[in-house]
Q: 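My questions will all concern the structure given below.
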Amino acid sequence: MGIRLGDIAPNFKAETTQGPIDFHEYKKDSWTVLFSHPADFTPVCTTELGAVAKLKNEWDSRGVKVIGLSINELKDHEHWIDDINNTQGATVHFPIIADANRQVALLYDMIDHQDATNVDSKGIPLTVRSVFIIDPKNVIRLIITYPASVGRNFKEIIRVIDSLQLSETKKVVTPADWTPGKPVIVHVSVTTEEATKLYGEVEVLTPYLRLANV
């Protein structure tokens, strides 16, 4: 059975570009984004890691740690980081896991089962573009899987984190295309009277769809 939302993120030990880690110790008490990419020295992956690096201030301001994964050896990662920094105008500040034996990829079900071209020189499948958001209690809160051909929008990942962190402290959920500062939806467990006390004015569109600003 694969990993599901609400599961405890499996722990592992691995070598990374910033030294060996125990995953749960690395992320201890932090929100974390674990993301995989098919291989080093590939074009889409290069742009993705550059994009993540450029968002450093956004991750930091939300207390989020990011950690990448690829099935290459550590020495490949170290050389590839130079390419990323030079071509993307970024500085890779986060660790990248060297998962050459696919231990973590198999643990998190990241292996590509669709694209017959997404394989290494030996014909062994590479990873897809998996994203896991994991909360401070090690609970998996989001899973997204992109095919190898599609680069990710990491600003969307940040938007999801904003929503998850908001709902941790407020009894609200967020509507389609929500971004911070826009109205949120009052949780169905909260009465309109309670919501008014908590958030001020509440716009009642239907008994189940009520908007407020928090």
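Hydrogens, waters and symmetry mates play no part in the numbers below; they use all other heavy atoms, side chains included.
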Q: Keeping the roles fixed (side chain from R152, backbone from S130), state whether a donor-acceptor pair exists under 3.5 Å.
A: yes
Q: Report yes if some heavy atom in the side chain of L69 is under 4.5 Å from a heavy atom in the side chain of M110; otherwise report no.
A: yes
Q: Compare every heavy atom of R102 with every heavy atom of I71, then report the nearest pair and how far apart it is.
A: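 That closest heavy-atom pairing would be CG2-CG, 3.7 Å.
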Q: I want to check something: taking the side chain as every heavy atom from C-beta on, are I157 and I133 in contact at a cut-off of under 4.5 Å?
A: yes
Q: Where do D135 and K137 come nearest, in terms of heavy atoms and distance?
A: OD1-N, 2.8 Å
Q: Would you check, one step at a time, whether the test side chain to side chain contact (heavy atoms under 4.5 Å, CB included) holds for V66 with K56?
A: CA-CA 9 Å; V66 292; K56 182 180 187 303; over 6 Å; no
Q: Return the CG to CG distance between N11 and L107, rounded to the nearest 0.5 Å.
A: 9.0 Å
Q: Taking the side chain as C-beta and beyond, is there a heavy-atom pair between D40 and H79 under 4.5 Å?
A: no
Q: Do F35 and F132 have ring centroids that are under 6.0 Å from one another?
A: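 No - the distance between ring centres of F132 and F35 does not fall below the 6.0 Å cut-off.
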Q: Should V64 and I144 be regarded as members of a common hydrophobic cluster, given that ILVMFWY residues are connected when their side-chain heavy atoms come within less than 4.5 Å of each other, either directly or indirectly?
A: yes
Q: Are V186 and K171 packed together at the side-chain level, in the sense that at least one heavy-atom pair is separated by less than 4.5 angstrom?
A: no
Q: Once you round to the nearest 0.5 Å, how far does CD1 of I158 lie from OG of S163?
A: 14.0 Å
Q: Kindly determine whether L34 and I97 satisfy side chain to side chain contact (heavy atoms under 4.5 Å, CB included), including the steps that lead there.
A: CA-CA 10 Å; L34 168 64; I97 297 166; 4.1 Å; yes
Q: Got a second to check how far S70's OG is from D99's CG, nearest 0.5 Å?
A: 8.5 Å
Q: Nearest heavy-atom pair of V190 and A195: which atoms, and what distance?
A: CG1-N, 3.7 Å
Q: Could you state whether I143 and V104 fall into the same hydrophobic cluster, counting links through intermediate Ile, Leu, Val, Met, Phe, Trp or Tyr residues with side-chain heavy atoms under 4.5 angstrom apart?
A: yes
Q: Would the distance check show the side chain of Y108 and the main-chain N or O of P10 forming a donor-acceptor pair, the cut-off being under 3.5 Å?
A: yes
Q: Tell me, do I67 and F94 make a side-chain contact under 4.5 Å, heavy atoms counted?
A: no
Q: Can you find a heavy atom in the side chain of K170 that is under 4.5 Å from one in the side chain of V184?
A: no
Q: Any salt bridge linking K155 with E58? Criterion: basic side-chain nitrogen under 4.0 Å from a carboxylate oxygen.
A: no
Q: Take D109 and I3 through the side chain to side chain contact (heavy atoms under 4.5 Å, CB included) test and state the conclusion after the steps.
A: CA-CA 7 Å; D109 196 19; I3 294 175; 5.8 Å; no
Q: Do V33 and V150 share a hydrophobic cluster, counting only Ile, Leu, Val, Met, Phe, Trp and Tyr and linking them when any side-chain heavy atoms are less than 4.5 Å apart?
A: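 Shared cluster, yes.
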Q: At their closest point, which heavy atom of G19 faces which heavy atom of T16, and how far apart are they?
A: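 Result for this residue pair: O-OG1, 2.6 Å.
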Q: Transitively linked via ILVMFWY side-chain contacts under 4.5 Å: L166 with W59?
A: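 They do not share one cluster, since no chain of ILVMFWY contacts under 4.5 Å joins L166 to W59.
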Q: Does the pair T145 and R129 meet the rule for a side-chain hydrogen bond (donor to acceptor under 3.5 Å, both in side chains), with working shown?
A: CA-CA 6 Å; T145 301; R129 302 186 191 282; over 6 Å; no
Q: Tell me whether the NZ or CZ atom of K65 lies within the 45° cone about the ring axis of Y26 and under 6.0 Å from its centre.
A: yes
Q: With rounding to the nearest 0.5 Å, note down the distance linking CD1 in I84 to CG in L49.
A: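 That separation rounds to 4.5 Å.
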Q: So, taking the atom named CD1 in I81 and the one named NE2 in H93, what distance separates them when rounded to the nearest 0.5 Å?
A: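 It is 11.0 Å, given to the nearest 0.5 Å.
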Q: With a 3.5 Å distance limit and no angle check, can you tell me whether T206 reaches the backbone of Y208 through a side-chain donor-acceptor pair?
A: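 Yes, because the side chain of T206 sits within donor-acceptor range (under 3.5 Å) of the backbone of Y208.
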Q: Decide yes or no on side chain to side chain contact (heavy atoms under 4.5 Å, CB included) for D162 and W178, but give the supporting numbers first.
A: CA-CA 10 Å; D162 285 336; W178 173 86; 4.0 Å; yes
Q: Just wondering, are more than 12 heavy atoms of other shown residues or ligands nearer than 6.0 Å to CG in D82?
A: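 Result for CG/D82: enclosed.
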Q: Would E156 and R159 pass as an ion pair if we require N to O under 4.0 Å?
A: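 Answer for the salt bridge query: yes.
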Q: Specify the closest pair of heavy atoms between S167 and V172, including all atoms of both residues, with the distance to one decimal.
A: CB-O, 3.5 Å
Q: At what distance, to the nearest 0.5 angstrom, does CG of D177 lie from NZ of K182?
A: 6.5 Å
Q: Name the one of T17, N85, T46 that satisfies side-chain hydrogen bond (donor to acceptor under 3.5 Å, both in side chains) with W80?
A: T46
Q: Quick one: do R141 and E168 make a salt bridge, cutoff under 4.0 Å?
A: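 Salt bridge flag = yes for E168 with R141.
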Q: Please tell me if the side chains of E203 and R210 come closer than 4.5 Å, counting only heavy atoms from C-beta onward.
A: no
Q: Could you tell me which non-hydrogen atom of A100 sits nearest to which non-hydrogen atom of E73, and how far apart they are?
A: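 Closest heavy-atom pair between A100 and E73: CB-OE2, 3.6 Å.
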Q: Answer with yes or no whether the side chains of S189 and H187 bring together a donor and an acceptor at under 3.5 Å.
A: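 H187 vs S189: donor-acceptor pair found between side chains.
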Q: Got F12 and H24 here, is their nearest side-chain heavy-atom distance under 4.5 Å?
A: no
Q: Is there a path from V214 to V173 through hydrophobic residues (I, L, V, M, F, W, Y) whose side chains come within less than 4.5 Å of each other?
A: no
